[in-house]
Amino acid sequence: MAVLSDDEEKAHTFRGLFEMLKVEPAVIAPHFRLLCDAIAGWVEAPAEMKQLCQTLITAFKTMAGDTWPSVVASLHAETRSILNVQYSL
C-alpha cells in the first residue's frame with residue numbers, strides 16, 4: 001500500500017483496512033511496522049485518512065502500553081521520522 005499513488009483507490013483500501021481493524025485490532029500487531037510504512041507512504045493524505053491513521057496509531061499505542069518505545073524504535077528511520085512529524089509518535 002505504501003507504493004500506491006495517493007488517489008481514491010488508495011483511500012478506499014485504507015478505509016477497508018481500518019474497518020476490519022475496528023472489529024479485530026489485535027490482528028495488526030505482528031504487522032504494525034508494515035502498516036506504519038504504508039501510512040508514511042502517503043504524500044498528501046486527505047484529512048479523513050489522517051484522522052483514521054491518527055486514531056489507529058493512538059489505539060495501537062494504548063494496546064502496546066509500556067512496549068510502545070520499543071515498537072517505535074523498531075520502525076524504519078524514515079517511517080519513524082515521517083510519522084513523528086505527522087502523527088506525533
Please report the interatomic distance [atom1]([X]) to [atom2]([Y]), rounded to the nearest 0.5 Å.
X: C36; Y: H31; atom1: SG; atom2: NE2; result: 13.0 Å
X: T79; Y: L83; atom1: OG1; atom2: CG; result: 6.0 Å
X: W42; Y: I82; atom1: CH2; atom2: CD1; result: 14.0 Å
X: M49; Y: E44; atom1: CE; atom2: CD; result: 15.0 Å
X: I39; Y: L52; atom1: CD1; atom2: CG; result: 9.5 Å
X: Q51; Y: F18; atom1: CD; atom2: CZ; result: 10.5 Å

Distance-minimising heavy-atom pair for [X] and [Y]:
X: Q54; Y: Q86; value: OE1-O, 4.4 Å
X: M20; Y: V27; value: CE-CG2, 4.2 Å
X: A45; Y: K50; value: CB-CG, 3.8 Å

Quick one, L56 and L35 - any side-chain contact, counting heavy atoms below 4.5 Å?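 With C-beta onward as the side chain, the pair touches.
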If you define the side chain from C-beta out and look only at heavy atoms, does anything of R33 sit under 4.5 Å from H76?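 Of all side-chain heavy-atom pairs linking H76 with R33, at least one is under 4.5 Å.
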Those residues that, when tested against T67, pass side-chain contact (heavy atoms from CB on, under 4.5 Å) (two or more places apart):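 Only A64, S70, V71 meet the side-chain contact (heavy atoms from CB on, under 4.5 Å) criterion with T67.
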All ring-ring contact (aromatic ring centres under 6.0 Å, His included) counterparts of F60, not counting sequence neighbours: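 F60 satisfies ring-ring contact (aromatic ring centres under 6.0 Å, His included) with F32 once adjacent residues are dropped.
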Please evaluate residues L89 and W68 with respect to the criterion side-chain contact (heavy atoms from CB on, under 4.5 Å), reporting the C-alpha separation (whole Å), side-chain torsions for both, the decisive distance (0.1 Å), and the verdict. CA-CA 9 Å; L89 289 183; W68 180 246; 3.8 Å; yes
